[in-house]
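Worksheet: the structure to be examined is printed underneath.
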Amino acid sequence: MFYKLIALLTLPILIVQGKQVRKQALKLPEANGAREGSTDNSTKPPLSILILGDSSAAGVGAAHQNDALLGQLVHNLQNDFDLSWRLVAKTGARTQDIIAMLELAASTKAVDIVITSLGVNDVTSLQRTADWLNAQGKLHQYCFSKLGAKHIIVSGMPPMYRFPLLPQPLRWVIGSRAKHFDRLQAIAIGKCDNKSYEPLM
């Protein structure tokens, strides 16, 4: 990939810029509020949801979970389903971190739908694409085999090439890497009937 060549040529600059960004980055708290709950309305068909992810799933930038991804999903689905939900998310989490969190919790509570919002930290940690895809596959298999998930919805990568906090050329290299990850992810998921991909770019 062309971005890999540019990354090699500008590596000393990228290292310095990366350290500066980490030092200057504003660390926002995750949203307050319960990460598990249910509507307890037996008059509607049951639907259980598990959300897995990094800071975007954890609600960073929102004051309360009601205003974050979890709360918006509950708000939009509660009139049609008897909902139960759980959120497993952490700022800075990579795909392998979420797998470890699920395995540590050792939960066997069945879910219908799993929604994942992961990848940014995999990209910035310079993980190999093959290793990342393997980790994604392992996470999905865990959800299917251990949690009985019927379908997994995968959120695409955010447009990192637009992140104003990242200086050039770091922004271009990271943004190109994120696009590459996203394309591979979309291709892999497109081959599966029990998974769907929702692009953000």
Side-chain angles (χ1 to χ4, degrees), residues 1-33 35 51-73 87-99 101 114-136 139 152-190 196-201:
M1 301 301 293
F2 180 63
Y3 78 86
K4 292 183 180 179
L5 175 60
I6 299 300
L8 284 174
L9 294 174
T10 61
L11 186 59
I13 297 173
L14 298 179
I15 291 173
V16 171
Q17 289 183 334
K19 290 180 179 179
Q20 289 175 340
V21 168
R22 290 183 184 278
K23 192 178 297 184
Q24 297 170 359
L26 181 62
K27 291 180 172 57
L28 297 172
E30 297 177 357
N32 293 318
R35 296 190 172 202
I51 301 174
L52 305 173
D54 51 28
S55 58
S56 57
V60 169
H64 196 276
Q65 290 295 343
N66 289 343
D67 304 313
L69 173 62
L70 172 62
Q72 293 304 304
L73 281 171
L87 170 66
V88 178
K90 183 179 180 182
T91 299
R94 295 175 296 170
T95 301
Q96 62 192 39
D97 298 322
I98 295 299
I99 296 171
M101 290 171 69
V114 174
I115 300 169
T116 70
S117 179
L118 287 161
V120 168
N121 301 299
D122 297 271
V123 168
T124 58
S125 69
L126 302 184
Q127 184 175 193
R128 291 173 56 239
T129 51
D131 292 339
W132 178 66
L133 289 173
N134 286 336
Q136 287 274 307
L139 174 62
I152 296 176
I153 301 172
V154 177
S155 173
M157 296 277 189
M160 298 183 72
Y161 59 91
R162 295 180 184 170
F163 284 12
L165 178 66
L166 300 177
Q168 299 290 11
L170 181 63
R171 186 193 309 174
W172 185 86
V173 171
I174 291 295
S176 298
R177 181 172 161 81
K179 286 182 182 179
H180 180 55
F181 270 54
D182 215 30
R183 279 194 296 269
L184 294 177
Q185 178 175 246
I187 290 169
I189 292 171
S196 57
Y197 166 79
E198 296 296 330
L200 289 181
M201 289 185 175

| How many angstroms lie between atom CG of D54 and atom CD1 of I98, to the nearest 0.5 angstrom? | 7.5 Å
| query | Would you call T91 and K27 a side-chain contact if the rule is heavy atoms closer than 4.5 Å? | reply | no
| query | Are the side chain of R177 and the backbone of V123 linked by a donor-acceptor contact shorter than 3.5 Å? | reply | yes
| Would you call D182 and K179 a salt bridge, taking side-chain N to carboxylate O under 4.0 Å as the test? | no
| Heavy-atom donor-acceptor pair, R94 side chain to D122 backbone, under 3.5 Å | no
| For the rings on W132 and F181, is their centre-to-centre separation under 6.0 Å? | yes
| field | Check: R183 side chain, A178 main-chain N or O, donor-acceptor pair, under 3.5 Å | value | no
| query | Got T116 and V114 here, is their nearest side-chain heavy-atom distance under 4.5 Å? | reply | yes
| remark: CG of L139 to CG of N134, rounded to nearest 0.5 Å, is 12.5 Å
| message | Check whether Q65 reaches the backbone of A58 with its side chain - one donor and one acceptor, N or O, closer than 3.5 Å. | response | yes
| Pair V88-I51, side-chain contact (heavy atoms from CB on, under 4.5 Å): steps then yes or no | CA-CA 6 Å; V88 178; I51 301 174; over 6 Å; no
| What distance do L133 atom CG and R128 atom CZ have between them, rounded to the nearest 0.5 Å? | 10.5 Å
| field | Whether Q168 side chain and W172 backbone form a donor-acceptor pair below 3.5 Å | value | yes
| said: Is any side-chain heavy atom of L52 closer than 4.5 Å to one of I115? | reply: no
| task | Decide yes or no for P169 and Q17: does some side-chain heavy atom of the first lie under 4.5 Å from some side-chain heavy atom of the second? | result | yes
| query | Just how far is it from atom CD of Q136 to atom CD1 of I152, taken to the nearest 0.5 Å? | reply | 9.5 Å
| task | Give, for atom OG of S117 and atom CG of L69, the distance between the pair rounded to the nearest 0.5 Å. | result | 7.0 Å
| task | Heavy atoms only: give me the nearest V21-P167 pair and the separation to one decimal. | result | CG2-CD, 3.6 Å
| E30/S55 under side-chain hydrogen bond (donor to acceptor under 3.5 Å, both in side chains): CA gap, chis, key distance, verdict | CA-CA 7 Å; E30 297 177 357; S55 58; over 6 Å; no
| If we only count heavy atoms from C-beta on, is the V154 to Q185 side-chain gap below 4.5 Å? | yes
| task | Using distance alone, with no hydrogens and no angle criterion, decide if E198 and S155 have a side-chain donor and acceptor under 3.5 Å apart. | result | no
| If only atom types and distance count, is the side chain of R171 paired as donor or acceptor with the main-chain N or O of F163 below 3.5 Å? | yes
| said: Nearest 0.5 Å, please: how far is CD in Q127 from OG1 in T95? | reply: 7.0 Å
